[in-house]
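Encoded as structure tokens, the structure appears first; notes follow it.
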Amino acid sequence: MQTNSTMKLITVDEIEIRKRYKAIDSQTHKGAQGHALIIAGSYGKIGAAVLASKACLKTGCGLVTAFIPKCGYNIVQISIPEVMVITDAEKKYISNIVFEIKPQAIAIGPGLGQEEATQKAFHEFLITNNIPLVVDADALNILSKNRSWLALLPSKTILTPHLKELERLIGTWDSEEEKFEKTITFSMQYDVIVVMKGAPTHIINAEAVYRNTTGNAALATAGSGDALTGMICSLLAQSYEPIDAAILAVYLHGFTADIALPGIGTQAFIASDIIENIGKAFLGIENSNK
């Protein structure tokens, strides 16, 4: 990849992760480990809320609440008994984002859909929200349709687009260099962090571009991005700085696939395997610190 003169490219490897990773305090409790809120799901896509919420828990968050349409209540309660649930008034989609809890971080977008009522609810949420935020999937697509709303995002909100979603946000590009230049400009204009998902994934924070070194083709599977969103939100809720949460989550996410690949193979690897291997990925980081 060619770089412009102002862009700073940093490789995310074990050394970089050791600078950012914080070991869990042996005296901690669930209240100290953060409370995350996952706003996700619509009829037929409640699985996205399940994957994001479970990944959030497995990444060390003390408490996780899922905000979902009513149709997903039994699914989430049975799939992940450890996750608390708030339901929207609507059965099939989210129409009004109201909650009394005080989370340390919020993720919105997986499986959300783009109903008019959902778009309106998202807008009203953005107007009042100042809690650290991760924006993914349909929430990104809603933003790309309503570009003025980007100005409502809290400072250092983390956006997690795949390439098609990125194109909707920043426009088309003719080269890799132009893609990065446009993403850097976008990041600076709106004061956001962009997780540019791909092979490899890059994290863009103004002119600093971090290139991840973990992961493989097994991650090209449905729900992979939902798991990543939950992982980032988990670390944000645990008081990681937004850039550190994004970098560490992307590294761990890729590491799960590297760990699992020898025993599963590329074809059989699914998003649930990401979640099942998060613990081993953390152990890998901790062992490298010894």
Which heavy atom of [X] sits nearest to which heavy atom of [Y], and what is that distance?
X      : Y      : value
Gln238 : Lys22  : O-NZ, 4.2 Å
Lys92  : Cys71  : CA-SG, 4.1 Å
Pro110 : Ala48  : C-CB, 3.7 Å
Ala55  : Ala227 : CB-O, 3.3 Å
Val83  : Ser53  : CG2-CB, 4.1 Å
Ala40  : Pro69  : O-CD, 3.8 Å

Identify whether [X] and [Y] are in the same connected component of the hydrophobic contact network (ILVMFWY, side-chain heavy atoms under 4.5 Å).
X      : Y     : value
Ile108 : Met84 : no
Ile131 : Val98 : no
Leu63  : Ile68 : no
Leu57  : Ile86 : no
Leu37  : Val50 : no

Please tell me if the side chains of [X] and [Y] come closer than 4.5 Å, counting only heavy atoms from C-beta onward.
X      : Y      : result
Ile38  : Cys56  : yes
Thr65  : His35  : yes
Asn129 : Pro154 : yes
Phe180 : Trp173 : no
Ile184 : Thr6   : no
Ile94  : Phe122 : no
Asn205 : Lys156 : yes
Asp273 : Thr221 : no

Indicate yes or no for a side-chain donor-acceptor contact from [X] to the backbone of [Y] under 3.5 Å, with no hydrogens or angles considered.
X      : Y      : result
Thr201 : Gly198 : yes
Asp258 : Gly215 : yes
Ser234 : Cys61  : yes
Arg18  : Ser288 : yes
Thr185 : Glu181 : yes
Ser42  : Lys45  : no
Ser187 : Thr183 : no
His253 : Ser224 : yes
Arg147 : Leu169 : yes
Thr11  : Arg211 : no

Atom [atom1] of [X] and atom [atom2] of [Y]: how far apart are they, to the nearest 0.5 Å?
X      : Y      : atom1 : atom2 : answer
Ile46  : Ile75  : CD1   : CD1   : 5.5 Å
Met196 : Asn212 : CE    : CG    : 13.5 Å
Ser79  : Lys54  : OG    : NZ    : 8.0 Å
Thr214 : Ile259 : OG1   : CD1   : 9.5 Å
Ile80  : Lys58  : CD1   : NZ    : 11.5 Å
Lys182 : Glu177 : NZ    : CD    : 13.0 Å

How are the rings of Phe67 and Phe99 set to each other: parallel, tilted or perpendicular (split at 30° and 60°)?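 Correct class here is perpendicular.
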Would you please classify the geometry between the His123 ring and the Trp149 ring as parallel, tilted or perpendicular, with 30° and 60° separating the classes?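 Rings of Trp149 and His123: parallel, under 30°.
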I'd like to know whether Glu116 forms a salt bridge (charged side-chain N to carboxylate O under 4.0 Å, His left out) with Lys120, so could you lay out the CA-CA distance, the side-chain angles of the two residues, the decisive distance to 0.1 Å, and finally the verdict. CA-CA 6 Å; Glu116 284 298 324; Lys120 184 172 182 287; over 6 Å; no
Might you confirm whether atom [atom1] of [X] has over 12 heavy atoms from other residues, nucleotides or ligands at distances under 6.0 Å?
X      : atom1 : result
Glu241 : CD    : no
Ile127 : CD1   : yes
Tyr73  : OH    : no
Tyr43  : OH    : no

Val195 and side-chain contact (heavy atoms from CB on, under 4.5 Å): which single residue from Leu159, Thr160, Asp136, Leu166 fits?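 Result: among Leu159, Thr160, Asp136, Leu166, Thr160 is the only option passing the side-chain contact (heavy atoms from CB on, under 4.5 Å) with Val195.
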For Leu126, the option from Ile142, Leu143, Thr157 that meets side-chain contact (heavy atoms from CB on, under 4.5 Å):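 Exactly one pass, corresponding to Leu143.
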Residues Asp88, Lys70; criterion salt bridge (charged side-chain N to carboxylate O under 4.0 Å, His left out); working and verdict: CA-CA 6 Å; Asp88 192 272; Lys70 277 185 179 174; over 6 Å; no
Residues Leu228, Ile232; criterion side-chain contact (heavy atoms from CB on, under 4.5 Å); working and verdict: CA-CA 6 Å; Leu228 177 60; Ile232 297 171; 4.0 Å; yes
Between Tyr251 and Glu14, do the side chains contain an N or O donor and an N or O acceptor separated by less than 3.5 Å?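 There is no such pair (donor and acceptor under 3.5 Å, judged by atom type) between the side chains of Tyr251 and Glu14.
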Kindly indicate, with the supporting measurements, whether the criterion side-chain contact (heavy atoms from CB on, under 4.5 Å) is fulfilled by Ile24 and Gln33. CA-CA 9 Å; Ile24 299 290; Gln33 286 301 113; 3.2 Å; yes
When you look at Phe269 and Leu219, which way does the side-chain contact (heavy atoms from CB on, under 4.5 Å) test go after all the steps? CA-CA 8 Å; Phe269 185 91; Leu219 291 169; 4.0 Å; yes
Test Lys280 against Phe255 for side-chain contact (heavy atoms from CB on, under 4.5 Å), laying out the working first. CA-CA 9 Å; Lys280 290 179 183 176; Phe255 200 4; over 6 Å; no
